[in-house]
Amino acid sequence: MFFPEETADNESLEDGELNREHIILGLAVKDTCISPDYQHTLSSKKKREGDSIVDENNRSTNLAKQARLNHDADASIQKSSSDGKDTSSDSKQQQQQQQQHNKKPTGYSFLNRDKSSRICGLLNGEENSTTSNYMEDYLRTPEHISTLIVPTFSFINNDNDISTNTSEEKKFTPKKVEANQSQQRKCSCSNIVIPKSTKDSVSIETPHGWQSIQPEQYCDAVSSMALSTKSNTVPSSCEGAVGLFDYVNLSSTQSESLLLENSTTAEQGRKQALKKITMSVQRSNDWACRSHQTFVNEAQPIRFWLPVQILASQLPSHVLFTTTKTRPNLQKQVEDKEQALLSNHSNVAIVGWDALVCDNNQRRNVLRNLMGTVQSVSSNPKQFLLLAVNDLQSILDAAREGISIIGSDMARILSRDGIALCFDFDCVDSISAKEIDMNKTNFARDFDPILFKCTCLACRPRTNGRAPSFTRAYIHHLIQAKEMLAEILLFSHNLHQLILLFRQLSNAAALDDEKEDKEHLETTCRKIEQSLA
């Protein structure tokens with residue numbers, strides 16, 4: 001997760017830290033700490049007796065191939081040695097690389113210090129590995145962009161990998177088989193199966209499947225990304241890390257009964273929902289205590305962000321920061337070191353926003369109640385982060401409620417669907433906000449840019465003329481041809497538009513802090529909502 005809002009005009013921060021008074025956009029960068037594992041030993045499985053003859057034949061052919069390869073390698077080494085060049089080390093490295101390339105990964109695991117140092121050493125060489133950093137060297141994250149490490153933006157996958165309008169070759173299939181395939185496709189899209197977490201680990205969805213991770217493994221991965229691979233004296237370039245949090249698996253009836261007030265018919269569902277939320281909150285608090293202790297013991301302490309489930313607003317204040325070691329049914333505040341550590345924490349990450357199934361007004365009320373409860377527990381001022389906000393109305397609601405950092409994966413989701421965001425901030429009375437679907441056929445011969453006066457990579461004019469860099473017709477053609485360049489151009493455009501939106505919200509929030517009327521942010525949000533309606 002990184003924050004590009006501070007670099008909209010290529011302006012660097014004075015002290016190298018985030019401007020906490022403004023509203024900041026956070027973007028998701030996925031699959032950053034997953035690495036493949038290879039099996040270095042031979043398989044110990046017993047073979048069948050009938051395969052002995054086949055194995056002998058294969059063994060002879062393999063030995064012949066290996067002898068031929070060795071003969072060619074020896075000839076090349078003799079030729080290079082006759083020329084006065086020592087290529088023994090180079091040939092060994094090439095053989096190791098070829099063997100590693102031919103191997104298939106047996107599984108995937110999270111990053112650790114050994115893997116990060118080895119990767120940075122291969123990229124920079126051993127002489128420059130003392131000041132190397134995984135995020136700067138391998139992920140190519142610029143130094144002027146502030147980063148914050150999170151386990152995941154959401155447990156709900158928003159990717160639409162199964163498209164309905166794919167033009168594949170039609171093959172003959174019986175009607176029963178076709179009906180079964182369509183039913184399986186519908187079930188796979190509608191039913192989301194999330195593995196259950198335990199007291200020591202939680203499962204996170206990655207591009208390589210669901211991976212189980214413990215708090216100690218997560219802390220090791222965070223330190224491997226944020227800190228230097230060799231020297232512990234080099235300061236971290238990361239703003240901090242959000243702790244592991246659990247997923248609250250509620251049914252539709254439980255979610256509805258949880259938000260209903262003074263309803264006797266939904267009382268049973270409400271009790272079950274509160275019990276699940278309490279168990280999830282306590283498990284997340286346990287993981288937070290273990291992770292915080294590990295981050296504090298680092299040579300360069302990493303700033304810790306406490307994750308809080310947004311559904312925890314329905315719980316009493318004395319249960320919100322309890323762990324599994326304390327009893328949640330106590331009516332008075334329990335004096336506990338871990339509970340005091342959690343309640344006095346100044347950085348709070350609110351998670352589970354996209355899992356709320358209710359209207360916008362109820363969402364704002366739930367968010368307002370949770371922020372008020374967290375702030376009332378201790379006198380320390382709180383800094384709030386919200387995950388994951390993937391629509392414009394939710395961004396405006398979060399900004400109104402005083403959220404400082406809004407984590408969104410909206411730019412990537414819209415670009416995958418072929419949709420472009422367009423804002424017009426030049427009008428004084430209103431702000432135009434709309435979404436353009438570039439999949440429509442009416443853009444096939446539209447040679448205008450996506451948005452006039454936009455200076456993004458896709459819309460800005462060429463250096464030798466007035467024509468845009470990429471027209472709507474060209475982007476429509478790329479989408480129809482399923483080219484990756486279409487997603488890249490749309491992502492750069494959507495990211496640029498979101499940066500402009502957050503700049504407007506930040507300026508309005510700064511004016512509200514300076515003046516007494518405090519109507520600038522509300523006015524800006526209303527102007528955008530008028531165009532969305």
Is any side-chain heavy atom of [Y] closer than 4.5 Å to one of [X]?
| X | Y | answer |
| --- | --- | --- |
| Met371 | Ile403 | yes |
| Ile302 | Ile149 | no |
| Val242 | Leu148 | yes |
| Cys289 | Leu342 | yes |
| Leu392 | Ile528 | no |
| Phe321 | Val377 | yes |
| Val351 | Phe153 | no |
| Ile413 | Arg416 | no |

Looking at [X] and [Y], what are the two nearest heavy atoms and their distance?
| X | Y | result |
| --- | --- | --- |
| Phe245 | Thr152 | CZ-O, 3.3 Å |
| Ala288 | Leu306 | CB-CD1, 3.7 Å |
| Gly352 | Ile310 | O-CG2, 3.4 Å |
| Arg400 | Glu529 | NH1-OE2, 2.8 Å |
| Trp210 | Pro195 | CD2-CD, 3.5 Å |
| Asn439 | Asp417 | ND2-O, 2.8 Å |

Donor-acceptor contact present, side-chain [X] to main-chain [Y], <3.5 Å:
| X | Y | answer |
| --- | --- | --- |
| Glu522 | Glu519 | no |
| Arg363 | Leu356 | yes |
| Ser531 | Ile431 | yes |
| Ser280 | Ile277 | no |
| Glu401 | Arg368 | no |
| Ser201 | Thr198 | no |
| Asp397 | Arg364 | no |

Nearest 0.5 Å please: distance from the [atom1] atom of [X] over to the [atom2] atom of [Y].
| X | Y | atom1 | atom2 | result |
| --- | --- | --- | --- | --- |
| Tyr247 | Lys276 | OH | NZ | 9.5 Å |
| Leu370 | Asn365 | CG | CG | 12.5 Å |
| Arg412 | Phe491 | CZ | CZ | 9.0 Å |
| Asp220 | Arg113 | CG | CZ | 7.5 Å |
| Trp305 | Ile350 | CH2 | CD1 | 10.5 Å |
| Gln309 | Leu315 | CD | CG | 10.5 Å |

Between [X] and [Y], is any side-chain donor less than 3.5 angstrom from a side-chain acceptor?
| X | Y | result |
| --- | --- | --- |
| Thr524 | Gln504 | no |
| Asp286 | Gln282 | no |
| Ser197 | Asp246 | yes |

> Passes side chain to side chain contact (heavy atoms under 4.5 Å, CB included), Val222 versus Phe110? Steps please.
Replying inline: CA-CA 10 Å; Val222 168; Phe110 289 91; over 6 Å; no

> Excluding sequence neighbours, so at least two apart, what forms ring-ring contact (aromatic ring centres under 6.0 Å, His included) with Tyr218?
Replying inline: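 Testing Tyr218 for ring-ring contact (aromatic ring centres under 6.0 Å, His included), a comparison that skips the adjacent residues, returns none.
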
> Does the side chain to side chain contact (heavy atoms under 4.5 Å, CB included) test come out yes or no for Lys382 and Val374, once each step is laid out?
Replying inline: CA-CA 8 Å; Lys382 304 292 184 180; Val374 172; 4.1 Å; yes

> Given the rule in the side chain to side chain contact (heavy atoms under 4.5 Å, CB included) test, do Leu500 and Phe425 qualify, once you have shown the distances and angles that lead to the verdict?
Replying inline: CA-CA 9 Å; Leu500 295 179; Phe425 300 102; 3.8 Å; yes

>> Determine whether Ser394 and Asp391 satisfy the following criterion, side-chain hydrogen bond (donor to acceptor under 3.5 Å, both in side chains), listing intermediate values before the conclusion.
In response: CA-CA 6 Å; Ser394 298; Asp391 60 280; 2.8 Å; yes

> Given Thr294 and Arg290, is the side chain to side chain contact (heavy atoms under 4.5 Å, CB included) satisfied, shown in steps?
Replying inline: CA-CA 6 Å; Thr294 306; Arg290 293 163 62 179; 5.6 Å; no

>> Among residues at least two apart in sequence or on other chains, which ones pass side-chain contact (heavy atoms from CB on, under 4.5 Å) with Cys456?
In response: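 Counting only residues at least two positions away or on another chain, Cys456 forms a side-chain contact (heavy atoms from CB on, under 4.5 Å) with Cys454, Ala458, Cys459, His493, His496.
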
> Which of these passes side-chain contact (heavy atoms from CB on, under 4.5 Å) with Met410: Ile419, Leu421, Val389, Asn494?
Replying inline: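 Of the listed residues Ile419, Leu421, Val389, Asn494, the side-chain contact (heavy atoms from CB on, under 4.5 Å) partner of Met410 is Leu421.
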
>> If you apply the rule side-chain hydrogen bond (donor to acceptor under 3.5 Å, both in side chains), what do you find for Gln383 with Ser404, and how did you get there?
In response: CA-CA 7 Å; Gln383 185 76 17; Ser404 300; 3.0 Å; yes

